[in-house]
Amino acid sequence: MVKYNHQSVEKKWQAYWENNQSFKADNFSEKPKFYALDMFPYPSGAGLHVGHPLGYTATDIICRKKRQQGYEVLHPMGWDAFGLPAENYAIKTGVHPSVSTHDNIKNFRRQIQSLGFSYDWNREVDTTNPQYFKWSQWIFLQLYKKGLAYEKSMDMNWCSKCKVVCANEEVERGRHERCGEMVSKKELKQWMFRITDYAERLLNDLDELPEWPDKIKVMQKHWIGKKTGINIDYFVEGIKEAITCFTTRPDTNFGATFLVLAPEQGFIKNHLNKFPNKEAVEMYIKESLAKSDIERMSEGRKKTGVFTGLYVLNRLNNKKIPLYVGDFVLANVGTGAVIGVPGHDLRDFEFAQIFAIEVERVVVSSDGDVSSIVRPEQVQEEEGKMINSEFLNGLEIMEAKERIMDYFEKKGWGKRVVNYKLRDWIFTRQRYWGEPIPLVHCEKCGVVPVPESELPLELPETPNYEPSETGESPLSKVTDWVNTTCPKCGAPAKRETSTMPNWAGSSWYWLRFMDPHNKKEFCSKKAEEFWGPVDLYVGGAEHAVLHLLYSRFWHKVFYDLGLVHTKEPFKKLVNQGLILSFAYENKDGVLIPIDEVEEKNGKFYHKEKKEEVFRIVAKMSKSLKNVVNPDEIVREYGADTLRMYEMFMGPFEQSKTWDSGAVAGMRKFLDRVWRFFQANKFDENTDKTLLPIIHKTIKIVSDHIDEFRFNTAISQLMVCFNELQKNSKMGQKEAESLVLLISPFAPHLAEEIWNKYLGHEETLVFANWPIYDESLLVENNVTYAIQINGKVRGDFQIDKETKKEVVIAHAKRIERVQKYLEAGEIVKEIFVPGKIVGFVVK
RNA sequence: GCUCGGGUGGUGGAAUUGGUAGACACGCAAGACUUAAAAUCUUGUGACCUUAACAGUCGUGCGGGUUCAAUUCCCGCCCCGAGCACCA
């Protein structure tokens, strides 16, 4: 017996694949195409995490199977390499980001290649390479020329730790998603993209993505946040300017008893002098604007506000209602002004309680309560019939809503509108390590795009990468770069010094992979028509509304420009689950690094303090020392073991916990497979009794790979080999089928067996994927379970063709069954073909 | 608070048109081989009760319901995870 030497075998086949260009994808193939894409990684200094190979292995399995099924497969890999870590490292050490990025890429490439993925490395891209970002800049100019980019000065999300502006999508619960720092507001001038122009299509086209997880579609839907309602104008006596309120519930408008403006609302600025309570209002606004987001959030739902002294007219019932300023009304939601209906909106009710504003009931819900509304539980927002609302009385709220909107529009008091939560994409950043924005500011001509012939516009060298507190890019200090001439008039001009966000490179990279060496176009029409759209896209769910929304937006712009032929970039999307690791905490919840913990009789103790600690599951982190390094697994057990273990851990989309013991178990299985092929000769005909299990395995493995159920595909392979250990009389054809079934999971081992024990000179990369014979799937005998009153009381085997009556009669003759049948009378007989015989006995 | 997922042995997980719950694996235990260990192979392994053996009772987060039959369907709760969050 020769032991399986994973180190030499894996090296050998990786070299073979590379020398033979086995995975090179052909843009002009006659075969049907299949394009599988992994979310390309940011090459961090920490190296590959075991979470990366999870997704990469899944796509690789699919790709290897597709190749064997006769597809031309595009499976590329690259680097999303612009980003803050490299830049922060540069600030600390003075090392140019391109140097550390290059080193990190080298390490990532080595690690990824050690796992034997079938990538076409000829197509590798790097977003920081000028030959790549030339086209990112070119795309920016296309959007600019189409009027989708504009410069605007407004309150931006500002991260004072990273010293950078963030997009709304990058703010999580008021914090910067990268670093966790609270985001503040800073008035800055930035370049924006009109993603809101595409809101409707980004929303509607989700319906054209049946192969996307519902979860992601729901999240995008919420993020876009489409709301239909009406803008109603209200007037203060003596002031011409209207206060416009957006509402989705105009049906309750007869119950309006106040109006609240956001502190930042323009009406206040314009007419503050006419406010009787001017001083109080000014003071309140000053206070609330000084509040940080932390303070606002910690106040929770507690409402504050101030009466302006003014009244507005509700023209529906000619009532004068008080005008307030309150910071629970957000300036950037709707119109920044809210009509208060305390009877049927909980927030309005809370506000009304504090200021002792009257509450009117205009809806009676199905509980029939018609009493005056004094408790929050009585605030009915969902359903009911109208009362106290004149011509609306008796109508259901949805009907009333339509009726009153017609009325408002007819009177000219309001206008139906659609509002979106989505806001325009803040695109520029004030940092060094990103694509320079290809624009020039000329005193005469204004903003002038850099001519396409001058792209790429490369980053200048600078001794100082430090960003500034005031939102100035480090590029602004490189004066000989900033000072240029206007491409239009030749006069002295200044370059735009902001850079693009790290989302830029990833918002179109799937197109570059189709045609990565094209010097004339970002991607040729022909290549795009052949490869597009991406058939399968695999990656983490953390990009649900960031990368995936931006990519869809750009792709739609490309579609409008005639650059791509599909509306959507990614046909099928699958999200992998997180890989977690064990960690320990003591009874006070203090986390303990794993190397300070020892196990005794199934319990865990702190080595020095001797106190008992408890095992928990946590994200892998340096401080807990529970990070698993893929290099070590590859060295000790081999790439095939790592690949198979990660696929076997559990359902692909679910979070899983790393278990080192189970890794060794997977290696044991591969050793068993190796020994099986080494120990047997395959020159006879296969034993007929083995055919059902082999064909069943072909079917299950094939189906489950397509369904991303890799764990059950592998368990079927195990079941099959367990069976074969009892009877191994097998011919060449069946032996080949089994090796091919394993090959997508453990390609190195499979190639070695294919070559060494099955006598093939050629690689199995293009061997035909096995096909099962339907007639061989079923065994001749089936097992019937006998149920009496629903409880299983025995079973028996019988020929699968046996008729119902015969099966039932057979069941009745079984001794153990008779015991139960004699206890009463059979009132019902149940027969499920091939499965169940049941009796109901009374 | 709202919106999506989930709760199955000591552990990871199988069982998705209602039909033998616990496949497959990890762990554990016993045995074979060995001077010994590792490796490998064999057997057992949900709980309870009982046994010479068969058998029996309970069991898929909790409480109800539908059904001959429920992890699966319905109603009402509890817990965990993710996302959104004063969105008018």
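Here is the naming used below: chain letters follow the sequence lines, and residue numbers restart at 1 for every chain.
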For this session: Pick base, sugar-phosphate or nothing for Phe676(A), based on heavy-atom distances below 4.0 Å to the nucleic acid.
Result: nothing
Exercise. At under 4.0 Å between heavy atoms, what does Gln654(A) touch on the DNA or RNA strands: base, sugar-phosphate, or nothing?
Worked result: sugar-phosphate
For this session: Please list, chain by chain and in numerical order, all residues satisfying ring pair (Phe, Tyr, Trp, His ring centres under 6.0 Å) with Tyr637(A), sequence neighbours excluded.
Result: none
Problem set entry | Over 12 non-hydrogen atoms of neighbours within 6.0 angstrom of CD in Glu382(A) | no
For this session: Over 60° means perpendicular and under 30° means parallel, so classify the ring planes of His547(A) and His543(A), tilted if in between.
Result: perpendicular
For this session: Could you check if the base of rG9(B) is syn or anti? Syn means the glycosidic torsion is within 90 degrees of 0.
Result: syn
Exercise. How far does the C1' atom of rA32(B) sit from the matching atom of rA39(B), given to the nearest Å?
Worked result: 14 Å
For this session: Could you tell me which residues satisfy ring pair (Phe, Tyr, Trp, His ring centres under 6.0 Å) with Phe349(A), sequence neighbours excluded, listed by chain and number?
Result: none
Problem set entry | ring pair (Phe, Tyr, Trp, His ring centres under 6.0 Å) partners for Tyr234(A), two or more places apart | none
Exercise. If the C1' atom of rC87(B) is compared with that of rU16(B), how far apart are they to the nearest Å?
Worked result: 37 Å
Problem set entry | Options rG13(B), rU20(B), rA88(B), nucleotide nearest the side-chain atoms of Ala785(A) | rU20(B)
Problem set entry | Sequence neighbours excluded - salt bridge (charged side-chain N to carboxylate O under 4.0 Å, His left out) pairs with any residue from residues 705-719 of chain A | Lys65(A)-Asp706(A), Glu707(A)-Arg709(A)
Seminar exercise, completed: Heavy-atom closest pair (Ile788(A) atom, Val841(A) atom, distance to 0.1 Å) is CG2-CG2, 4.0 Å
Exercise. Gln378(A): what forms a side chain to side chain contact (heavy atoms under 4.5 Å, CB included) with it, not counting sequence neighbours?
Worked result: Arg361(A), Asp369(A), Ser371(A), Ile373(A), Val374(A), Arg375(A)
Exercise. Considering residues at least two apart in sequence or located in another chain, which fulfil the side chain to side chain donor-acceptor pair (under 3.5 Å) criterion with Glu211(A)?
Worked result: none
Exercise. Taking atom P in both rA82(B) and rA29(B), what distance in whole Å separates the two?
Worked result: 36 Å
Exercise. Aromatic ring centroids of Tyr324(A) and Phe351(A) under 6.0 Å?
Worked result: yes
Problem set entry | Test ring pair (Phe, Tyr, Trp, His ring centres under 6.0 Å) applied to Phe582(A) - qualifying residues, sequence neighbours left out | none
Exercise. How would nucleotides 24-30 of chain B be written as a contact map, 5' to 3', with B for base contact, S for sugar-phosphate-only contact and - for no contact, using protein heavy atoms under 4.0 Å?
Worked result: BSS----
Exercise. Are any side-chain N or O atoms of Arg667(A) and backbone N or O atoms of Ala662(A), one a donor and one an acceptor, separated by less than 3.5 Å?
Worked result: no
Exercise. Restricting to pairs with a member in residues 813-842 of chain A, which pass ring-ring contact (aromatic ring centres under 6.0 Å, His included), not counting sequence neighbours?
Worked result: Tyr784(A)-Phe831(A)
For this session: Looking at every strand, decide which applies to Arg615(A) at a 4.0 Å heavy-atom threshold: base, sugar-phosphate, or nothing.
Result: nothing
For this session: Name the nucleic acid region contacted by Arg667(A), choosing base, sugar-phosphate or nothing; use a 4.0 angstrom heavy-atom cut-off, strictly under.
Result: nothing
Exercise. Which part of the nucleic acid does Asn711(A) contact within heavy-atom distance under 4.0 Å: base, sugar-phosphate only, or nothing?
Worked result: sugar-phosphate
Exercise. What nucleic acid atoms does Val832(A) come within less than 4.0 Å of, heavy atoms only: base, sugar-phosphate, or nothing?
Worked result: base
Exercise. Which part of the nucleic acid, if any, lies within reach of Thr335(A) when heavy atoms closer than 4.0 Å are counted: base, sugar-phosphate only, or nothing?
Worked result: nothing
What does the list of N/O pairs under 3.5 Å between the protein and nucleotides 66-68 of chain B look like, with a distance for each?
unit_1	atom_1	unit_2	atom_2	d
rC68(B)	O2'	Gly790(A)	N	3.2

Exercise. At under 4.0 Å, does any side-chain N or O of Tyr820(A) touch on OP1 or OP2 of rA55(B)?
Worked result: no
For this session: Check whether any side-chain N or O of Arg347(A) sits under 4.0 Å from OP1 or OP2 of rG1(B), and answer yes or no.
Result: no
Short heteroatom pairs, N/O only, protein and nucleotides 77-84 of chain B, under 3.5 Å:
none

Exercise. Expressed as a whole number of Å, how far does the C1' atom of rG9(B) sit from that of rG22(B)?
Worked result: 7 Å
For this session: Could you provide the dot-bracket string of RNA chain B, using ( ) for intrastrand pairs, [ ] for crossing pairs and | for bases paired to another strand, with Watson-Crick or G-U pairs below 3.5 Å?
Result: (((((((..(((......[....)))((((((.......))))))(((.......)))..(((((..]....))))))))))))....
For this session: Evaluate whether atom NZ of Lys415(A) has more than 12 neighbouring non-hydrogen atoms of other residues, nucleotides or ligands under 6.0 angstrom away.
Result: no
